[in-house]
Asker: 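One structure coming up, written as structure tokens, with questions to follow.
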There are 2 protein chains.
Amino acid sequence: MDIRARLGKNVRKLREAKGWSQEDYADRAGIHRTYVSDIERGRRNPTITVVAKLAKPFEVQPGQLLD
Amino acid sequence: MDIRARLGKNVRKLREAKGWSQEDYADRAGIHRTYVSDIERGRRNPTITVVAKLAKPFEVQPGQLLD
């Protein structure tokens, strides 16, 4: 699976497990909601500092979002 | 530790464990040697598709380079 698709799958799984909407999660991560939607659909190729921002609200290591 | 510094530390540790020069590793990863040097010094903020390229020669999951 392409790493962008894997990131999207992991973010969606963790977000839904928390019961957060994309909007909730976007606010917590400090990113735009449409960016969350693109990430979850594997449409983005973020840098590692953005991956760190994506991981923070879930309190997981950034690398966990890529594997 | 900043995620860029962590990536650099992990890449250097894995490369040295393989006994590869930066040049060897750059060839195996399909990236420029000076980019490897910058990565190892925490000077770069690569995208996740580049992290996947960096991980491939080591045969480790990309996420492992970030944690």
Side-chain angles (χ1 to χ4, degrees):
Chain A
M1 182 191 286
D2 171 81
I3 195 166
R4 286 163 290 197
R6 219 163 39 232
L7 171 66
K9 200 183 113 221
N10 289 333
V11 166
R12 173 165 288 162
K13 201 171 71 182
L14 286 162
R15 176 178 64 76
E16 287 176 348
K18 293 274 189 183
W20 294 339
S21 68
Q22 286 184 339
E23 193 111 30
D24 290 338
Y25 171 58
D27 289 345
R28 292 167 189 269
I31 50 179
H32 200 273
R33 191 196 63 72
T34 53
Y35 192 80
V36 169
S37 168
D38 285 350
I39 286 275
E40 290 191 355
R41 288 178 297 149
R43 296 266 174 82
R44 291 287 178 157
N45 185 21
T47 64
I48 57 174
T49 51
V50 169
V51 172
K53 278 178 90 171
L54 293 171
K56 210 150 186 227
F58 298 129
E59 295 173 335
V60 299
Q61 286 292 328
Q64 191 178 325
L65 296 186
L66 301 187
D67 294 340
Chain B
M1 181 191 289
D2 171 79
I3 194 167
R4 287 164 290 197
R6 217 164 39 230
L7 172 67
K9 197 184 109 214
N10 289 333
V11 166
R12 172 165 289 164
K13 202 173 72 182
L14 286 163
R15 176 178 64 77
E16 288 177 347
K18 292 272 188 185
W20 293 338
S21 68
Q22 286 184 338
E23 195 113 30
D24 288 338
Y25 171 57
D27 287 345
R28 292 168 189 268
I31 51 179
H32 201 273
R33 191 195 63 74
T34 54
Y35 191 80
V36 170
S37 168
D38 286 348
I39 285 278
E40 290 191 355
R41 288 179 297 149
R43 296 264 174 86
R44 291 284 178 159
N45 184 21
T47 63
I48 57 173
T49 51
V50 169
V51 172
K53 279 177 89 171
L54 293 170
K56 212 154 183 225
F58 298 130
E59 295 173 334
V60 298
Q61 286 292 327
Q64 192 179 325
L65 296 185
L66 301 187
D67 296 338

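Naming convention: chains lettered A, B, ... in sequence-line order (proteins, then strands); numbering from 1 in each chain. In what follows, every heavy atom counts, from backbone to side chain, and hydrogens, waters and symmetry copies are set aside.
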Asker: Would you say the side-chain atoms of B:Asn45 pair up with the backbone N or O of A:Thr47, donor to acceptor, closer than 3.5 Å?
Answerer: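 No, because the side chain of B:Asn45 does not come within donor-acceptor range (under 3.5 Å) of the backbone of A:Thr47.
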Asker: Report the distance from atom CG of A:Leu65 to atom CG of B:Asp67, rounding to the nearest 0.5 Å.
Answerer: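 Between A:Leu65 CG and B:Asp67 CG, I get 9.0 Å after rounding to 0.5 Å.
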Asker: Would you indicate whether B:Lys18, at its atom NZ, is surrounded by more than 12 heavy atoms from other residues, nucleotides or ligands within a distance under 6.0 Å?
Answerer: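 Yes, NZ of B:Lys18 has more than 12 neighbouring heavy atoms, counting only those of other groups under 6.0 Å.
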Asker: Heavy-atom distance under 4.5 Å to chain B: side chain of A:Leu7, backbone, both or neither?
Answerer: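 Contact with chain B: side chain only.
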Asker: When you compare the side chain of A:Gln61 with that of B:Leu66, does any pair of heavy atoms fall below 4.5 Å?
Answerer: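 With C-beta onward as the side chain, the pair stays apart.
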Asker: How close do B:Arg44 and A:Ile48 get, heavy atom to heavy atom, and via which atoms?
Answerer: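 Scanning both residues completely, I find the closest heavy atoms to be O-CD1, 4.5 Å.
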